[in-house]
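In this chain, numbering begins with 1 at the start of the sequence shown. Everything numeric here is computed off the predicted structure, so don't read it as measured data. Excluded from the calculations below are hydrogen atoms, water molecules and symmetry mates; all remaining heavy atoms, backbone and side chain alike, are included.
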Amino acid sequence: PVLPGSMASPSSMAYIMSQKYVEGMPLYRQEQHLFRLGLDLSRQTMANWMIQGSERWLQFLYDRMHEHLLARDILHVDETTLQVLKEPGRPADSTSYMWLYRTGRLGPAIILYDYQTTRAGKHPRRFLTGFKGYLHVDGYAGYQGLPHITLVGCWAHARRKFDEALKALPADQQNAPVAAKEGLSFCNRLFAIERELQDLLPEERYQARQEQSRPVLDAFLAWLKYQGPKVLPKSAFGQAISYCRNQWDKLEAFLVDGRLDLDNNRAERSIKPFVIGRKNWLFSNTPRGAKASATIYSIIETAKENGLNPYTYLTYLFEKLPNVDVQDKNVLDGLLPWSDTLPLICRVHQ
């Protein structure tokens, strides 16, 4: 059985998880929905199923995915807020964080969430212990100083700064040839080049960037140095200039390897399902619940990115995991979302 002494079946466990973590339906709404169908299943029972299903079985897959993630040499990271009501020693309205780590453009996708009480830099330092390579980040200073890691900046953030500066101008100036529009144009040229290079091999993309992107970067940096002394530092335009100059070593880092991305949108897209779900269920009740949510989201989002149907995949996992040696890494590898030994029924549209 999935949970000894429980009436939870593989499919019912998978269904409730999918409804909450894929469809964004909170447990109290699932309780009402099931009651209308004639099933009296309390939200507390379902919450216990989520926690125990995560801790008893899915955690083994999560830990194995973490090992595979650390073996890569290109990752993306992002974080967002989370409210956990019953954290020891903290008020119920304290702000906690859900961190997101994921792989880059090559190889099977791995997406892992990590619940922590703060936004401190010690959390990525701990989670990424053993990782060596490139890390795509936003401008947050907490990523500085990570050992054996080269930070790669996000041009989407840089572009957004100039877009905000342009929108902050009076309406009659937004269509005029103002400096903020020049900064935005530099960013747009880089993104236009990337769109042309997206289907190239990494080596070809690297060479094309030296020929096409490097001149744009050189011209942009000269423009930033020219504009810097002329702007009010606290204005929206001044902040856009400062952001780019302060982040420049990270913003130009994408040039060193053709496998790197121009932005960190890959991480932002992967954290979005959690952000959307949070609007529905609002908070986690306990740290155990928050950690279980991180684990379940990790399994589901990795499954989705690898072309799996979350419900049928979770059902398969809860059928298999109680009947195999979960300490055997080879067994676990055969159950991971990118394994070619998974049955076709786990695939989308099968």
Engineer: Can you list the steps and then say if Glu194 with Arg209 is a salt bridge (charged side-chain N to carboxylate O under 4.0 Å, His left out)?
Structural biologist: CA-CA 8 Å; Glu194 285 300 304; Arg209 283 172 173 172; 2.9 Å; yes
Engineer: Any salt bridge linking Asp78 with Arg266? Criterion: basic side-chain nitrogen under 4.0 Å from a carboxylate oxygen.
Structural biologist: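 Looking at Asp78 and Arg266, the cut-off is not met.
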Engineer: Counting only heavy atoms from other residues, nucleotides and ligands, does the tally under 6.0 Å from NZ of Lys291 exceed 12?
Structural biologist: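 It does not: Lys291 NZ has 12 such atoms or fewer within range.
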Engineer: Linking I/L/V/M/F/W/Y whenever their side-chain heavy atoms sit closer than 4.5 Å, directly or via other members, would Val256 and Phe220 fall into one cluster?
Structural biologist: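 Linked, Val256 and Phe220 end up in one cluster.
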Engineer: Give a yes or no on whether Leu317 and Val348 share a hydrophobic cluster (residues Ile, Leu, Val, Met, Phe, Trp, Tyr; joining criterion: side-chain heavy atoms under 4.5 Å apart).
Structural biologist: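 As far as the 4.5 Å side-chain criterion goes, Val348 and Leu317 are not connected within one cluster.
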Engineer: Please step through salt bridge (charged side-chain N to carboxylate O under 4.0 Å, His left out) for the pair Asp163 and Lys167, ending with a clear verdict.
Structural biologist: CA-CA 6 Å; Asp163 187 55; Lys167 291 177 179 176; 3.1 Å; yes
Engineer: Using a 6.0 Å cut-off, check whether atom CZ of Arg288 has over 12 heavy atoms from anything other than its own residue.
Structural biologist: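 Result for CZ/Arg288: open.
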Engineer: Looking at residues at least two apart in the chain, or sitting in another chain, which of them share a ring pair (Phe, Tyr, Trp, His ring centres under 6.0 Å) with Tyr101?
Structural biologist: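 Counting only residues at least two positions away or on another chain, Tyr101 forms a ring pair (Phe, Tyr, Trp, His ring centres under 6.0 Å) with Phe127.
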Engineer: So, does Arg90 use its side chain to make a donor-acceptor pair with the main chain of Thr117 at under 3.5 Å?
Structural biologist: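 The answer is yes, because a donor-acceptor pair under 3.5 Å joins these two groups.
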Engineer: Going by salt bridge (Lys or Arg N to Asp or Glu O under 4.0 Å), name the residues that satisfy it together with Asp328, two or more places apart in sequence or in a different chain.
Structural biologist: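 Not a single residue meets the salt bridge (Lys or Arg N to Asp or Glu O under 4.0 Å) criterion with Asp328.
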Engineer: Filter on side-chain hydrogen bond (donor to acceptor under 3.5 Å, both in side chains), then keep only pairs touching residues 140-156, sequence neighbours left out; what's left?
Structural biologist: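 Found Glu79-Tyr143.
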Engineer: Do Trp99 and Gln116 pair up side chain to side chain, a donor and an acceptor below 3.5 Å, judged on atom types alone?
Structural biologist: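 Side chains of Trp99 and Gln116: no pair found under 3.5 Å.
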Engineer: Is it the case that Arg347 and Asn309 place a side-chain donor and acceptor less than 3.5 Å from each other?
Structural biologist: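 Looking only at side-chain atoms, Asn309 and Arg347 do not form any donor-acceptor pair under 3.5 Å.
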Engineer: Return yes if some donor-acceptor pair links the side-chain N/O of Gln239 with the main-chain N/O of Lys234 below 3.5 Å, else return no.
Structural biologist: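 Answer holds: yes.
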Engineer: Do Ile296 and Leu308 belong to the same hydrophobic cluster, where Ile, Leu, Val, Met, Phe, Trp and Tyr are linked whenever their side-chain heavy atoms lie under 4.5 Å apart, directly or via other members?
Structural biologist: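 Same cluster.
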Engineer: Which residues satisfy the ring pair (Phe, Tyr, Trp, His ring centres under 6.0 Å) test with Tyr115, sequence neighbours excluded?
Structural biologist: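 Counting only residues at least two positions away or on another chain, Tyr115 forms no ring pair (Phe, Tyr, Trp, His ring centres under 6.0 Å).
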Engineer: With sequence neighbours excluded, what pairs up with Pro229 under the side chain to side chain contact (heavy atoms under 4.5 Å, CB included) test?
Structural biologist: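 Pro229 satisfies side chain to side chain contact (heavy atoms under 4.5 Å, CB included) with no residue once adjacent residues are dropped.
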Engineer: With sequence neighbours excluded, what pairs up with Arg160 under the salt bridge (Lys or Arg N to Asp or Glu O under 4.0 Å) test?
Structural biologist: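 Result, salt bridge (Lys or Arg N to Asp or Glu O under 4.0 Å) vs Arg160: Glu268.
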Engineer: Less than 4.0 Å between a side-chain N and a carboxylate O, is that true for Arg214 and Asp218?
Structural biologist: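 A salt bridge is present here (some side-chain N lies under 4.0 Å from a carboxylate O).
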Engineer: Could you walk me through whether Ile74 and Leu135 pass the side chain to side chain contact (heavy atoms under 4.5 Å, CB included) test, one step at a time?
Structural biologist: CA-CA 6 Å; Ile74 297 176; Leu135 184 65; over 6 Å; no
Engineer: Under 3.5 Å, is there a donor on one side chain and an acceptor on the other for Glu87 and Ser94?
Structural biologist: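 There is no such pair between these side chains.
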Engineer: Could you work out, with side chain to side chain contact (heavy atoms under 4.5 Å, CB included) as the rule, every residue matching Ser242, not counting sequence neighbours?
Structural biologist: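 Here the qualifying residues are Asn246.
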Engineer: Just grab all the ring pair (Phe, Tyr, Trp, His ring centres under 6.0 Å) pairs involving residues 3-30, residues at least two apart or on different chains.
Structural biologist: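 Residue pairs passing ring pair (Phe, Tyr, Trp, His ring centres under 6.0 Å), neighbours aside: Tyr21-Tyr297.
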Engineer: Do Leu251 and Ile149 belong to the same hydrophobic cluster, where Ile, Leu, Val, Met, Phe, Trp and Tyr are linked whenever their side-chain heavy atoms lie under 4.5 Å apart, directly or via other members?
Structural biologist: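 No; tracing contacts between hydrophobic side chains, which count when under 4.5 Å, never links both residues.
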Engineer: Classify the side-chain pair His136/Asn264 by whether it contains a donor and acceptor separated by less than 3.5 Å.
Structural biologist: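 Side chains of His136 and Asn264: no pair found under 3.5 Å.
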Engineer: Are Tyr226 and Phe186 in one and the same hydrophobic cluster, where Ile, Leu, Val, Met, Phe, Trp and Tyr link if side-chain heavy atoms are under 4.5 Å apart?
Structural biologist: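 In one cluster with Tyr226: Phe186, no.
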Engineer: Within the 4.5 Å heavy-atom criterion, are Leu342 and Ser339 side-chain neighbours or not?
Structural biologist: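 Yes, at least one pair of side-chain atoms sits under 4.5 Å.
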Engineer: With a 4.0 Å cut-off, would you call Glu301 and Lys304 a salt bridge?
Structural biologist: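 Yes, charged N to carboxylate O under 4.0 Å.
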Engineer: Among residues at least two apart in sequence or on other chains, which ones pass ring pair (Phe, Tyr, Trp, His ring centres under 6.0 Å) with Trp338?
Structural biologist: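 In terms of ring pair (Phe, Tyr, Trp, His ring centres under 6.0 Å), with neighbours along the sequence ignored, Trp338 is linked to His68.
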Engineer: Can you give me every donor-acceptor pair (side chain of residues 31-40, partner residue at least two apart or in another chain, under 3.5 Å) with its distance?
Structural biologist:
unit_1: Glu31; atom_1: OE1; unit_2: Arg43; atom_2: NE; d: 2.9
unit_1: Glu31; atom_1: OE1; unit_2: Arg43; atom_2: NH2; d: 2.8
unit_1: Glu31; atom_1: OE2; unit_2: Arg43; atom_2: N; d: 3.2

Engineer: Can you confirm whether Glu55 is buried at CD, in the sense that more than 12 heavy atoms of other residues, nucleotides or ligands lie under 6.0 Å from that atom?
Structural biologist: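 Above 12, so yes.
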Engineer: Are Arg64 and Glu67 close enough for a salt bridge, meaning some N to O gap below 4.0 Å?
Structural biologist: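 Answer for the salt bridge query: yes.
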Engineer: In chain order, what residues pass the salt bridge (Lys or Arg N to Asp or Glu O under 4.0 Å) check against Arg259, with sequence neighbours excluded?
Structural biologist: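 Arg259: salt bridge (Lys or Arg N to Asp or Glu O under 4.0 Å) contacts with Asp73, Asp257.
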Engineer: Can you name the closest pair of heavy atoms from Cys187 and Ala158 and give their distance?
Structural biologist: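 Looking at all heavy atoms of both residues, the closest pair is SG-C, 4.3 Å.
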Engineer: I'd like to check the ring pair (Phe, Tyr, Trp, His ring centres under 6.0 Å) partners of Trp281; sequence neighbours left out, ordered by chain and number.
Structural biologist: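 Ring pair (Phe, Tyr, Trp, His ring centres under 6.0 Å) list for Trp281, sorted by chain: Phe274.
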Engineer: For the pair Asn306 (side chain) and Ala109 (backbone), establish whether a donor and an acceptor sit closer than 3.5 Å, ignoring hydrogens and angles.
Structural biologist: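 Here the side-chain-to-backbone pair exists.
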